[in-house]
Amino acid sequence: MHNWGKGLAGALWLWCLPIVASGQLLSDDALAEAAAIRDMALESGLAYELLESLTTEVGPRMAGSEADARAVAWGKAKFEALGFDHVELQPVKFPRWVRGEESARVLSPYPHRLVVTALGGSVGTPAGGITANVKLFENLAALEAAPDDSLDGAIAFIANRMERARNGSGYGPAVIARRDGASVGARKGASAVLIRSIGTSNDRIAHTGLMRYNFAVPKIPAGALSNPDADLLERLLSRPEPVSLQLTLEVGRDREYTTYNVIGDIHGSEKPDEFVVIGCHLDSWDVGTGALDDGFGCATTMAAATLIARNTESRHRSIRVILYAIEEQGLIGARAYQAAQADQMNQHIIGAESDFGAGPIYQFSSKVKPSALGAIEQIAQVLEPLGITFGNNEAGGGPDLIPLRDAGMAVANLNQDGTKYFDYHHTVNDTLDKVDPESMPQNVAAYAVFAYLAAQYTGDFGFDLNEE
């Protein structure tokens, strides 16, 4: 039995609704049914079953790999077995990136083997690797401040450390080193760039993740060191002797590949061609099994839609679950989906994505037009017994929703506690044991409430900056 305030379930809480903003509202019947679905979701183990299946039968799912193709087949088969009304594979083409052998060794003054991983999208080192002295930079800004061509073939090491935060706010300031370090380093004359892993763990594991190149400068290899090895390298560089390091990264792009967005629809009865969108990204990095990033989100949203379909007679609008392809390497599947739907954007009513690990949801936020805030407040009331408070009307949506949001779709965030998420993010430790099967149903209940009530809402969530 879960203790998420179930004593408030059913219709009793309806008497306590505050006065809401003007505009169209949800019916009392819809609100009561959403509360019932919420409570059923808290007793369901479906999401964990799906996640166990994905991580066990497919495992790591880096875009372009053999396992990526198996993941697509898994998603299609699961949607069909769960009884979704329509299942579709949408092709997505991209240049495939592959990883081979990786190593980093301090040669002098004190030999050490370091734990390193290539950053996604990096070019590889030449045959035999790169051997060069290392230059320390406190952060990307310090590297930016160095004179152009001043590194003279050295390996630039960017040492900034990510700060832990419940909402993940430490990620943005730290990740710019991963994103832009190689191009900045190349401009300064570096032969390669190493960064401290963008993560909060002190385990001796390295965090991968996507980097990008500025095509105005040469491409140089980029890798990340585990936090303990970054500490070690900083200590070595604090001594007077030069630090010589050999770096080998056998990585790079090899050919064009076609993967797929996997789409499952639960049809609405009144407006079946209008969609409430929930989902996740199906791909993962190759180092872990993608349990947190983002198998958890896929299992959560698939289970939420399934519970709605099985326990309601009809929905006003359709609910669409999208398992996006190749998010990790640049939102390529999300952009392909939006491009394919460009002429039907007004049929995409509102969306939310689960892509922040396995922590409980603590806050609900929206980005809707003012006249829809009354319905948003009603949704928030049904979420409240789950320990979820309302945040604001400044939501950004999940990463894969950015193309849809930028094209005009309303969005919502169901914000998870990410205090421990970046201990495991993009590492070998992203595995099923990090997921608590007892807490997973809270996420499912929240997405079920949101998706069902958004589908039942007969008004328009679409954000209009000109509306008073």
Side-chain angles (χ1 to χ4, degrees), residues 11 13-38 265-279 301 304-305 308-309 311-322 338 341 343-353 363-384 388-398 401 404-414 446-468:
W13 67 273
L14 293 170
W15 297 100
C16 302
L17 273 175
I19 298 173
V20 295
S22 61
Q24 196 161 353
L25 298 178
L26 290 151
S27 70
D28 287 354
D29 287 346
L31 296 169
E33 191 153 28
I37 295 169
R38 176 196 67 205
D265 292 340
I266 300 295
H267 286 162
S269 57
E270 303 301 319
K271 295 184 176 180
D273 294 328
E274 292 186 0
F275 301 98
V276 171
V277 177
I278 56 176
T301 52
I308 292 169
N311 294 288
T312 61
E313 292 186 3
S314 65
R315 281 73 50 196
H316 182 72
R317 294 185 171 103
S318 295
I319 297 170
R320 171 164 287 179
V321 182
I322 306 175
Q338 191 280 321
Q341 298 290 324
D343 294 336
Q344 293 85 39
M345 279 309 305
N346 63 345
Q347 295 173 290
H348 292 70
I349 305 306
I350 192 170
E353 181 181 19
Q363 187 182 72
F364 169 58
S365 294
S366 61
K367 184 68 169 178
V368 301
K369 65 183 184 180
S371 63
L373 283 172
I376 290 295
E377 186 172 348
Q378 290 178 297
I379 294 172
Q381 287 286 332
V382 189
L383 293 172
E384 188 174 7
I388 300 170
T389 61
F390 183 72
N392 54 47
N393 196 38
E394 298 298 328
L401 295 185
L404 294 172
R405 182 201 68 199
D406 289 350
M409 187 181 76
V411 295
N413 285 122
L414 292 158
Y447 272 90
V449 166
F450 166 76
Y452 176 70
L453 289 178
Q456 289 297 77
Y457 183 55
T458 57
D460 177 19
F461 288 108
F463 195 74
D464 184 352
L465 293 176
N466 298 314
E467 181 180 336
E468 297 298 331

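Counting only distance, with no hydrogens or angles, the side chain of Gln456 and the backbone of His316 share a donor-acceptor pair below 3.5 Å. Judged by distance alone, the side chain of Arg317 and the main-chain N or O of Val276 form no donor-acceptor pair under 3.5 Å. The backbone N or O of Asp273 sits less than 3.5 Å from a side-chain atom of Gln347, completing a donor-acceptor pair. Listed for the Arg38 side chain is a donor-acceptor partner under 3.5 Å among the backbone atoms of Val382. Side chain of Tyr447 to backbone of Glu353: a donor-acceptor contact under 3.5 angstrom is found.
Evaluation of the side chain to side chain donor-acceptor pair (under 3.5 Å) rule for Glu394 yields Lys367 as partners, not counting sequence neighbours. Checked against side-chain contact (heavy atoms from CB on, under 4.5 Å), Ser269 has the following partners two or more places apart in sequence or in another chain: Ser314.
Contact between Ile37 and Ile308 at its shortest, heavy atoms only, is CG2-CG1, 4.4 Å. In terms of heavy-atom proximity, Ser318 sits nearest to His267 at OG-CA, 3.4 Å. Shortest non-hydrogen contact noted between Gly351 and Leu401 is C-CD1, 3.4 Å. Closest non-hydrogen pair, Ala412 versus Phe450, comes out as CB-CE1, 3.7 Å. Of all heavy-atom pairs spanning Ser366 and Ile376, the tightest one is OG-CG2, 3.6 Å. For Ala410 against Val368, the heavy-atom pair with the smallest separation is CB-CG1, 4.1 Å.
Here CG of Asn392 is found 6.5 Å from CD of Gln363. Values are rounded to the nearest 0.5 Å. Distance check, rounded to the nearest 0.5 Å: OH of Tyr457 to CD of Gln24 gives 5.0 Å. Here the OG1-CG distance, from Thr458 to Leu25, works out to 9.5 Å after rounding to the nearest 0.5 Å. Note: Ile349 CD1 to Lys271 NZ = 7.5 Å, rounded to the nearest 0.5 Å. Distance check, rounded to the nearest 0.5 Å: CD1 of Ile278 to CD1 of Ile350 gives 12.0 Å. Taken to the nearest 0.5 Å, the CZ atom of Phe461 stands 10.0 Å off from the OG atom of Ser371.
No side-chain heavy atom of Gln378 sits under 4.5 Å from any side-chain heavy atom of Leu453. Ile379 has its side chain within reach of Leu26: a pair of non-hydrogen atoms, C-beta onward, lies under 4.5 Å apart.
The aromatic rings of Phe275 and His348 lie tilted to each other, with the angle between the two planes from 30° to 60°.
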